Amino acid sequence: MDAFILLGAPGAGKGTVASMLTESTGLQHVSTGDMLREAVKAGSPVGLEAKSYMEKGELVPDEVILGIVRERLAAGAKNARYLFDGFPRTEAQASGLETVLRDVGGRLCAVFQLEVPEEVLVDRLAGRRICRACGAVYHVRNIPTKVDGVCDRCGGETVQRPDDTEATVRNRLAVYRRQTEGLIEVYRRQNVLVEVPAAGAREETRDRILAHVPPPEA
Ligand code: ADP
Ligand code: ZN
């Protein structure tokens with residue numbers, strides 16, 4: 001198993017870039033945020049536990065996160081290649097991932113740190129809209145839908161994520177600084193960190209990352 005990680009503040013573009021990368025690289029996109037939102041929608045035990053944390057912009061407990069990640073990876077092939085988005089977010093999650101990789105003889109290939117100035121983050125999150133049906137991501141100014149409120153891809157309704165309101169956004173950024181930013185140093189020391197300027201066009205960010213992802217083995 002090969003693992004790649006997208007690290008960056010909320011609004012840095014992890015989800016957007018991840019979905020642009022999976023097509024050409026054969027990487028499987030693992031977004032803990034998406035998995036949790038699905039669990040909340042389905043009303044599963046994990047969803048019931050996660051909901052209140054997510055609404056406040058707090059982190060869901062590590063054991064819950066490690067549980068869903070382990071379950072997701074157990075279902076995959078031995079030679080699968082994963083792109084983690086929004087995971088790990090704490091040192092405990094990072095060492096949990098390390099354990100999983102060790103158990104299956106997997107390898108952490110690279111950690112892409114998406115660098116975006118704070119003003120850009122806030123603007124991206126406040127203007128973000130997502131499709132209720134397919135999860136496609138838009139922005140009221142930067143990536144508008146052709147028809148207001150309607151997903152280009154599937155015709156579903158586009159809405160603001162409940163945790164994209166201003167107060168929650170501010171808390172998520174604070175939580176990122178407090179609990180996740182420290183991982184940058186951890187991965188720098190392991191020599192796997194790749195710093196990626198990510199305030200520009202999505203295609204630019206994608207290409208910077210692609211340069212570090214070898215094509216899948218034949
Ligand atoms: P963003 O990166 O824009 O905050 P995500 O979709 O990654 O969006 O996460 C949304 C919310 O889901 C987080 O605020 C948090 O409550 C929860 N969450 C997602 N991934 C994790 C994780 N690895 N650890 C703890 N909580 C998480
Ligand atoms: Zn859609």
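This structure is a prediction, so every number in the text was calculated from the model and none was measured. Every number for a ligand or one of its atoms is a count from 1 in the order of the listing.
- Only the side chain of R128 comes within 4.0 Å of ligand 1, counting heavy atoms alone; its backbone N, CA, C and O stay farther away.
- In terms of protein heavy-atom proximity, atom 16 (O) of ligand 1 is nearest to E58 O, 2.6 Å.
- Connection of Y82 to I68 is established within a shared hydrophobic cluster, with ILVMFWY side chains joined at heavy-atom distances below 4.5 Å, either directly or through further cluster members.
- The pair D62-R89 does not count as a salt bridge, with every side-chain nitrogen at least 4.0 angstrom from each carboxylate oxygen.
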Ignoring hydrogens and angles, write down the donor-acceptor pairs under 3.5 Å from the side chains of residues 101-116, residues two or more places apart or on other chains.
none

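- Taking the side chain as every heavy atom from C-beta outward, M1 and K78 never approach each other to under 4.5 Å.
- Protein contacts to the Zn ion (ligand 2) involving N, O or S atoms at a distance below 2.8 Å are C131 SG, C134 SG, C151 SG, C154 SG.
- Side-chain contact between E91 and V186 is present, with at least one heavy-atom pair separated by less than 4.5 Å.
- For the pair T145 and V150, the minimum side-chain heavy-atom distance is 4.5 Å or more.
- Within 6.0 Å of the CD atom in E185, the count of heavy atoms belonging to other residues, nucleotides or ligands exceeds 12.
- Side-chain contact between Y176 and P10: present, with at least one pair of heavy atoms (C-beta onward) separated by less than 4.5 Å.
- Protein heavy atom at the shortest distance from atom 20 (N) of ligand 1 is T32 OG1, 2.8 Å.
- In this structure, atom 17 (C) of ligand 1 lies nearest to the protein heavy atom L36 CD1, 3.6 Å.
- With respect to R141 and D123, a salt bridge is recorded, a charged nitrogen being found less than 4.0 Å from a carboxylate O.
- Side-chain contact check for L6 versus I209: some heavy-atom pair is nearer than 4.5 Å.
- Remark: the T168 side chain and the D163 side chain contain no N/O donor-acceptor pair separated by less than 3.5 Å.
- Summary of contacts: the protein heavy atom closest to atom 26 (N) of ligand 1 is V60 N, 3.0 Å.
- The closest protein non-hydrogen atom to atom 24 (N) of ligand 1 is Q93 NE2, 2.9 Å.
- Residue-to-ligand polar distances keep L59 apart from ligand 1: every N/O pair is separated by 3.5 Å or more.
- Residue-to-ligand polar distances place R37 within reach of ligand 1: an N/O pair is separated by less than 3.5 Å.
- For atom 10 (C) of ligand 1, the nearest non-hydrogen atom from the set R172, Q179, R161 belongs to R161.
- Which of R89, M54, K14 comes nearest to atom 5 (P) of ligand 1 through a heavy atom is settled by distance: it is R89.
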